[in-house]
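Following: one structure in structure tokens, then a few remarks.
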Amino acid sequence: MLILTRKAGESLVLDGGIEVKITEVYGDKVRIGIDAPPDVKVYRKELYATVQENQSAAMTAPAADALKDLLSKVK
Amino acid sequence: MTLETRDFGPLEIDEKDIVTFQGPIFGFEKYSRFVFLYRQEIHEHFIWLQSVDEPSLCFILVQPQLIVSEYAPTLPPEAKRLLGAGEYMCWLLVSLRQPFSASTVNLKSPIVVNTRTRQAAQFVLEEDWPLRHPLLKEEAAEC
């Protein structure tokens, strides 16, 4: 993992036009500002696992008849 | 109004049945209006959460008690602010997989609906519930 030291007010730029700015450091917390193109979604990591799970839940289901057969196993 | 659905073709729905997400289904922030479709003939404990604005977007949900009888999630404090006072109902997102016995339900991030106001949200629980819990109980998965 690349590790860099930055001060409040300083930034990093990622390829693809994403800027990550340290806006404030207080106690054990850091406030971060992110400037990114609108199609780049930003999530807290603990949320990202849920995003991926939701995407797999949104996949197409089998047709009603087949699904009825499958779901009959869920009791 | 007529609603184009992913799994059941065009359906007539009542606009007052629309459920509005006050907190997003994570990853699907653009979509906030859904309807619950009940299909008793397929399974009485599953429902379909169909987007009103995108016909191809639909989730299958299951009643938690069918999967884990002791499921009792502690909702985060913002639940009340987002959903208002009333009676809440909890649903779990189902991920159907190949083979079917590999299908899972998400106990970590339930969909919660205020049955009075029809406002909903998805919450990621602080508690240690799994993101992927088997849909089938062991003995059913074997047959």
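Because only heavy atoms are used, hydrogens play no part in the values below, and waters and symmetry mates are left out as well, while side chains stay in. A, B, ... follow the sequence lines: proteins, then strands. Residue 1 opens every chain.
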> Which heavy atom of B:Ser56 sits nearest a heavy atom of B:Arg6, and at what distance?
Replying inline: O-CD, 3.6 Å

>> Would you say B:Thr5 and B:Gln50 are linked by a side-chain donor-acceptor pair, where the criterion is simply a distance under 3.5 Å?
In response: no

> Heavy-atom distance under 4.5 Å to chain A: side chain of B:Thr104, backbone, both or neither?
Replying inline: side chain

> For atom CD of A:Glu10, is the number of surrounding heavy atoms from other residues, nucleotides or ligands below 6.0 Å larger than 12?
Replying inline: yes

> Which atoms of B:Val94 come close to chain A, meaning under 4.5 Å heavy atom to heavy atom: side chain ones, backbone ones, both, or neither?
Replying inline: backbone

> So with a 6.0 Å cut-off around CZ of A:Arg31, is the heavy-atom count from everything else above 12?
Replying inline: no

>> Counting the benzene-type ring for Trp, do B:Phe21 and B:Phe28 have ring centres under 6.0 Å apart?
In response: no

> What pairs with B:Asp14 under side chain to side chain contact (heavy atoms under 4.5 Å, CB included), at least two apart in sequence or on another chain?
Replying inline: B:Lys16, B:Asp17

> Non-hydrogen atoms of chain A under 4.5 Å away: do they reach the side chain of B:Leu57, the backbone, both or neither?
Replying inline: side chain

> Looking only at side chains, do B:Thr2 and B:Glu12 share a donor and an acceptor under 3.5 Å apart?
Replying inline: yes

> What are the two closest heavy atoms between A:Glu19 and A:Ser11, and how far apart are they?
Replying inline: OE2-OG, 2.7 Å

> So which bits of residues 60-67 of chain A come within less than 4.5 Å of chain B, counting non-hydrogen atoms only?
Replying inline: A:Thr60, A:Ala61, A:Pro62, A:Ala64, A:Leu67

> Can you tell me how far the SG atom of B:Cys58 sits from the CH2 atom of B:Trp48, to the nearest 0.5 Å?
Replying inline: 8.5 Å

> For A:Leu71 and B:Phe100, what are the C-alpha separation, side-chain angles and deciding distance, and is it a side chain to side chain contact (heavy atoms under 4.5 Å, CB included)?
Replying inline: CA-CA 9 Å; A:Leu71 294 185; B:Phe100 180 70; 3.9 Å; yes

> Quick one: which residues of residues 32-57 of chain A reach chain B at under 4.5 angstrom, heavy atoms only?
Replying inline: A:Lys41, A:Tyr43, A:Glu46, A:Leu47, A:Ala49, A:Thr50, A:Val51, A:Glu53, A:Asn54, A:Gln55, A:Ser56, A:Ala57

Using distance only, find each side-chain donor-acceptor pair of residues 62-88 of chain B under 3.5 Å and give its atom names and separation, not counting sequence neighbours.
from	atom 1	to	atom 2	distance (Å)
B:Gln63	OE1	B:His45	ND1	3.1
B:Tyr71	OH	B:Leu107	O	2.7
B:Thr74	OG1	B:Glu127	OE2	2.5
B:Tyr88	OH	B:Gly84	O	2.5

>> Please rank B:Arg39, B:Lys108, B:Glu41 by heavy-atom pairs under 4.5 Å with chain A and give me the top one.
In response: B:Glu41

